[in-house]
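These numbers come from the heavy atoms of this one structure, side chains and all, not from hydrogens, waters or symmetry mates. In this text, all values refer to a predicted model and were calculated from it rather than measured experimentally.
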Amino acid sequence: QRQVEGRFPSKCPEKWGPGAKRWGETVGFGSHLRGNYRTACRYAFRHNPQKSHQIFSRSVFLFLANPLRKHYNGYNDVRHVGSGCPAEHQTPRLKNGIGEAAAQMPEKSNRRTVMEHFNPILGYETTGPKFITCGEIMLRLTPPNYEKLRMATNFEASYGGSEANIALALANLGVDSTFFSVVPNNSLGKSAVRWLRSNDVHCTPMILTEPDETPSNRLGTYYLETGYGIRPSKVIYDRKHSAITEYDFSQVDLDELLEGFDWLHLSGITPALAPNCRGLIIDMLKEAKKKGLTVSFDGNFRSTLWTWDEARDFCTECLPYVDVLLGIEPYHLWKDENDHSKGDWKDGVPLQPSYEQQDEIFQHFIERYPSLKCIARHVRYAHSGSENSLKAFMWYDGHTFESKLFTFNILDRVGGGDAFASGLIYAMLHNYKAMDMINFAVASSAIKHTIHGDANITDDVSSIRNLMNMNYDIKR
């Protein structure tokens, strides 16, 4: 280090471009490292100790200077893509938890690399299924103590989003879970990533952008007015022109992104955000099908984002690529594909259908889309803004199942559907019996209603299984 220390300038030359940093400053990713020198040393000595002088002179200076796109990897480093640091000097992408460099050195393959995210629930070695999802993560602002928005003088801040909620819930239950999204490279974006990481969600693929990539460069926000008694909850969105809606996803290698994963979950919210997101979701579905991943899809209609017909048209286009379908809307299920005037099989079916009515709808779905392996939907009975009941129906392995009915008081309703989805995915990943699958999913949703925030942070499966079995005893 003494030999090369004199080679570092106090300031990067102007010819290195506007992204050049003053020596001693961090690269701009919230690292705990003490300046760029330590970062440069780690890259150089790690990749080629014998030729570190050459690496410093040819590669590290460019690596520090170029304003490259930043991929947050869940630790202190950022994986850079593009010009600058040559590919042979970049940190390799992890595959199944082991980097390519480590794979070339079998005697050291059991060591953690700097790119690996350590989940204390999973331990160092993970042999179970790997889950990935993609969507928008937002800042959530809520007035405390059930106050109305127009009277609020302060807000409780947290983060959420349908797909992020599912990734977080599964990670807390010990599933190897990864989230892909785009957030601005500022304190808000980094805080959202930190929230995911604190719940053991892998954030390696996440992209932190600069204004030249996403002009508005903002994190979506929503305001939640929590209901009480007969007063329902209310949500106001402020998510237009968020970073994910302005990013050019043609830069993303989907084959690489989905490599090594077993399960992909997507929803109808992300494609409703912008045309670029619609293209991303269709491309991800096609790539996942080509790679043999199990694909789950939740329609999740949002009337503030697109029309009912737009949602039905797009989500129906997704169905041929889906294995596990959550919810029965918004999709076209025409009685006659050549004559839509005859209507949809779901027309006239009540929000709380009988077993026979739901079974008939499931059968029509399977007849039209035989690739579906499972269809599930929960049914809500709202007695008041503070008390609801839930049950669910599920078609699986040729039969329709109906769950138990759970009645509960509500602390926070947001994310109940996501908790249902995560519970079903967890049960399927762990080969539960059919009735246990659907009861576990409803119990996951019910217990989420007793937790503040968007996501089900329950971190012990036994709590959900006890609720599933209607066991409310105190555990000592």
Side-chain angles (χ1 to χ4, degrees), residues 30 72 135-169 171-172 179 181-199 201 203 206 208-209 211 214 216-246 267 269-270 272-273 300 302-305 382 384-388 408-419 422 445 447-459:
Y72 208 105
E136 181 179 30
I137 185 169
M138 295 182 291
L139 172 65
R140 163 178 151 168
L141 298 174
T142 310
N145 303 318
Y146 302 98
E147 290 182 5
K148 290 185 67 64
L149 283 169
R150 70 184 187 89
M151 300 297 291
T153 56
N154 55 22
F155 295 86
E156 297 172 347
S158 59
Y159 296 92
S162 178
E163 298 88 350
N165 297 341
I166 293 173
L168 187 149
N172 272 287
F179 182 64
S181 188
V182 179
V183 296
N185 185 27
N186 57 31
S187 294
L188 281 177
K190 294 172 187 174
S191 180
V193 175
R194 189 174 296 111
W195 175 74
L196 289 164
R197 289 172 55 212
S198 70
N199 283 279
V201 176
C203 297
M206 290 193 67
L208 281 76
T209 59
T214 53
S216 301
N217 211 41
R218 64 187 304 265
L219 187 74
T221 304
Y222 81 94
Y223 300 82
L224 171 66
E225 181 179 284
T226 306
Y228 185 83
I230 59 173
R231 175 168 62 87
S233 297
K234 183 170 73 172
V235 170
I236 296 176
Y237 288 109
D238 180 17
R239 64 199 304 182
K240 194 172 184 180
H241 301 299
S242 61
I244 194 172
T245 67
E246 297 181 341
S267 87
I269 297 176
T270 303
L273 298 174
N300 258 338
R302 295 291 185 269
S303 60
T304 57
L305 298 177
S384 71
S386 303
E387 184 183 75
N388 282 191
F408 47 86
N409 294 320
I410 298 174
L411 182 65
D412 192 330
R413 173 174 164 171
V414 176
D418 303 326
S422 65
S445 181
I447 206 168
K448 161 61 196 74
H449 287 72
T450 69
I451 298 172
H452 269 306
D454 265 41
N456 183 7
I457 59 172
T458 303
D459 58 0

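- A donor-acceptor contact under 3.5 angstrom links the side chains of Thr209 and Asn217, judged on distance only.
- At a threshold of 4.5 Å between non-hydrogen side-chain atoms, the residues Asn154 and Pro144 count as touching.
- Note that NZ of Lys190 is 11.5 Å distant from CZ of Arg197, once rounded to the nearest 0.5 Å.
- Ile269 places a side-chain heavy atom less than 4.5 Å from the side chain of Leu305.
- At least one side-chain heavy atom of Asn456 sits under 4.5 Å from a side-chain heavy atom of Ile451.
- Nearest heavy-atom pair, Ala419 versus Ser445, reported as atom, atom and distance to 0.1 Å: CB-CA, 3.7 Å.
- Looking only at atom types and distance, the side chain of Ser191 has a donor-acceptor partner in the side chain of Tyr159 under 3.5 Å away.
- Between the side chains of Asp418 and Asn165, at least one donor N or O sits under 3.5 Å from an acceptor N or O.
- Using a 4.0 Å cut-off between charged nitrogen and carboxylate oxygen, Glu225 and Arg150 do not count as a salt-bridge pair.
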Quick one, Arg218 with Asp238, criterion side-chain contact (heavy atoms from CB on, under 4.5 Å). Give me CA distance, side-chain angles, the key distance, then yes/no.
CA-CA 10 Å; Arg218 64 187 304 265; Asp238 180 17; 3.1 Å; yes

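- Annotation: cation-pi pair Arg239/Tyr237 present, NZ/CZ under 6.0 Å from the ring centroid and within 45° of its normal.
- With Glu136 as the fixed residue, the side chain to side chain donor-acceptor pair (under 3.5 Å) test singles out one of Ser242, Ser181, Ser162, Ser267: Ser242.
- The minimum heavy-atom distance between Leu168 and Ala455, with the atom names listed, is CD2-CB, 3.5 Å.
- For the pair Tyr223 and Lys234, the minimum side-chain heavy-atom distance is 4.5 Å or more.
- One side chain, Thr270 or Glu163, offers a donor N or O that lies under 3.5 Å from an acceptor on the other.
- With sequence neighbours excluded, the residues that form a side chain to side chain contact (heavy atoms under 4.5 Å, CB included) with Thr142 are Arg140, Leu224, Thr226.
- Heavy atoms of other residues, nucleotides or ligands lying less than 6.0 angstrom from OH of Tyr228 number 12 at most.
- Note: Ser158 OG to Leu139 CG = 7.5 Å, rounded to the nearest 0.5 Å.
- Contact annotation: the side chain of Leu411 approaches that of His452 to within less than 4.5 Å [non-hydrogen atoms, C-beta and beyond].
- The distance from atom CD1 of Ile137 to atom CH2 of Trp195, rounded to the nearest 0.5 Å, is 5.0 Å.
- In this structure, CG in Asn172 is found 4.5 Å from CG in Asn199, a value given to the nearest 0.5 Å.
- Proximity of a side-chain donor or acceptor of Lys448 to a complementary backbone N or O of Asp412 within less than 3.5 Å is detected.
- Panel note: side chain Thr245, backbone Leu273; no donor-acceptor pair is recorded below 3.5 Å.
- Between Asp454 and Arg413, no side-chain nitrogen of the basic residue sits less than 4.0 Å from a carboxylate oxygen of the acidic one, so the salt-bridge criterion is not met.
- Distance check: Leu188 CG to Leu219 CG gives 6.0 Å after rounding to the nearest 0.5 Å.
- Closest of all the heavy-atom pairs between Gly227 and Ser233 is N-OG, 2.8 Å.
- Contact detail for Phe179 and Met206: the closest heavy-atom pair is O-CG, 3.3 Å.
- Separation of atoms CG (Asn409) and CD (Glu387) is listed at 5.5 Å; rounding is to 0.5 Å.
- Counting only heavy atoms from C-beta outward, the side chains of Pro143 and Lys148 never approach each other to under 4.5 Å.
- Between Leu196 and Cys203, the shortest heavy-atom contact is CB-SG, 3.7 Å.
- Formation of a donor-acceptor pair under 3.5 Å by the Thr214 side chain with backbone atoms of Ser216 is not found in this model.
- Of all heavy-atom pairs between Ile230 and Pro232, the closest is O-CD, 3.4 Å.
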